[in-house]
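Worksheet: the structure to be examined is printed underneath.
When a ligand or atom number is given, it counts from 1 through the structure's own listing order. For this chain, numbers begin at 1 and follow the sequence in order.
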Amino acid sequence: MTSSPRTPNRAGVGLRLPHLAEVVATRPPAGWLEIHPENFLANPHATELLIEVSHHYPLSVHTVGVSIGSVHGIDREHLKRVRALVDTIDPILVSGHLAWSTHEGEYLNDLLPLPYDDEVLRLLTAHIHEVQEGLGRPYLVENPSSYVGFTSSTMTECEFLGELVRRTGCRLLCDVSNVYLSSHNMGFDPYRYIDELPADAIGELHLGGFTSEADEATPGEELLVDTHASVVADAAWDLYAYAVQRFGPRPTLIEWDNDIPQLATLLNEAARADTVAAHAVSQEARRATAC
Ligand SMILES: [Fe+2]
C-alpha cells in the first residue's frame, strides 16, 4: 500500500456530535478523526464546527446512508450531498458498508446482509463504480458484522470482497471487531479470514466494542452484537495484532456510538491500539530477521 503524506501514524477515534464542541475547544491529541456525514448534512452549525476541526486533524468520512447493496440503486441526491461535504473537508478516506440499508427510497435504520453470488457481485460492482464516480475518489468497503448467512451464497465473504476490489479498484476497510464477532456468530476461523483478505487493498482498520446477548434461536448459546457501546474485547485486540502483522500498519480507528463515554476513554483505547500495533510490528520484524 502506498501511503500519502497525510496518512496518520497514530490511531484515531470516531468523532460523534456529543464531543464536537470539546474537540474544537480543546484540540485533544487524537491521531485523526472519523465522522458519519449523515450527522452533518442537515446541521449547518455542526458542519461549521467540523470545518474548523478539518483545519487541525486528518478526517475520514464513513457513510452510513450510501446503500451499495440496494436493488433500487444509489440515492444520487444523497451522494451529491456527501460529495459536497467531502469537497469541503477533504478527508483522507471515504468509506461505507458491504450491506443494504434503503428500500424504495425508504431509509432503514440498519445495515442488512447480502448473499454473495454473481448477481449481487454485478449489482455492487455497478454501484461502487457509481459511488466512486460520484465522489471523485476511491471508496473503501467495510466487512459487515454478521448474524445470518444465505444458503444461496456461492462464494465466501473474502472472495466476494476480493472480486469487488478487482472489478472496481475500490479498497477495503477491515473492521477487526466485526471479523471476530462474525466468526463467533457464524462459526469460522477469524485468523483465516484475515489471511484471505487482499492485504494490498486494506486502507483502514476499525475496532469497536460488542455486547454478548442470549441467542434466542439457539438456547444456551450467546450471540455477539455489534453495539459499539464498550471497550474493545481482548480477543479483538489479539486479532488486531495479527491483522497488523499480516497487512502492515494501517490507519486504525476506535468506534463508539452508543453509551458514548468521555472523550478521554476513546483516546485511551486509541493509545492502546498504538501500543498493540507497535508491539505487533516489532514482533514481525524480529520474526523476519530470524528467518
Ligand atoms: Fe466498523
Side-chain angles (χ1 to χ4, degrees), residues 8 11-16 19 30-39 58-69 82 91-101 109-114 128 131 138-147 157-158 160-161 164-165 170-186 190 193-194 197 201-211 223-233 235-244 247 250-261 265-266 269-270 272-273 276-277:
V13 300
L15 175 57
R16 304 298 177 247
H19 293 145
W32 57 292
L33 300 166
E34 184 165 278
I35 59 117
H36 294 168
E38 290 80 4
N39 289 341
L59 292 178
S60 163
V61 167
H62 187 51
T63 65
V64 291
V66 176
S67 178
I68 60 171
V82 174
I92 53 169
L93 300 164
V94 183
S95 58
H97 302 89
L98 180 64
W100 61 282
S101 56
N109 191 23
D110 223 330
L111 299 167
L112 296 163
L114 294 159
I128 292 171
V131 168
Y139 194 60
L140 280 71
V141 177
E142 176 177 354
N143 57 296
S145 49
S146 299
Y147 310 92
E157 191 167 286
C158 290
F160 191 87
L161 287 166
L164 286 179
V165 168
C170 74
R171 299 175 71 208
L172 301 178
L173 190 176
C174 176
D175 188 314
V176 175
S177 296
N178 284 0
V179 174
Y180 181 79
L181 173 155
S182 299
S183 76
H184 173 92
N185 293 342
M186 307 296 290
Y193 184 104
I194 296 290
L197 285 174
I202 307 295
E204 180 181 345
L205 302 174
H206 269 180
L207 288 162
F210 45 71
T211 306
L223 200 63
L224 298 182
V225 181
D226 189 21
T227 50
H228 292 180
S230 66
V231 294
V232 176
W237 284 121
D238 292 344
L239 190 61
Y240 173 62
Y242 184 78
V244 169
F247 304 141
R250 293 289 191 270
T252 296
L253 187 96
I254 303 296
E255 293 187 292
W256 203 314
D257 291 284
N258 293 296
D259 300 331
I260 295 176
T265 303
L266 274 73
E269 289 283 273
R272 183 168 179 185
V276 171

For H206 and E34, test the side chains for any donor-to-acceptor distance below 3.5 angstrom and give the result as yes or no. yes
Just verifying a value: how many Å separate D257 CG and H228 NE2, rounded to the nearest 0.5 Å? 6.0 Å
Classify the side-chain pair T252/Y240 by whether it contains a donor and acceptor separated by less than 3.5 Å. yes
Under 2.8 Å from the Fe ion (ligand 1), how many protein N/O/S atoms do you get? Just the number, please. 4
List the residues meeting side-chain hydrogen bond (donor to acceptor under 3.5 Å, both in side chains) with T227, not counting sequence neighbours, and say none if there are none. T211
Nearest-0.5 Å distance, CG of residue L207 to CZ of residue R272: 10.0 Å
Less than 3.5 Å apart, any donor N or O on the side chain of T63 or Y139 sitting next to an acceptor on the other? yes
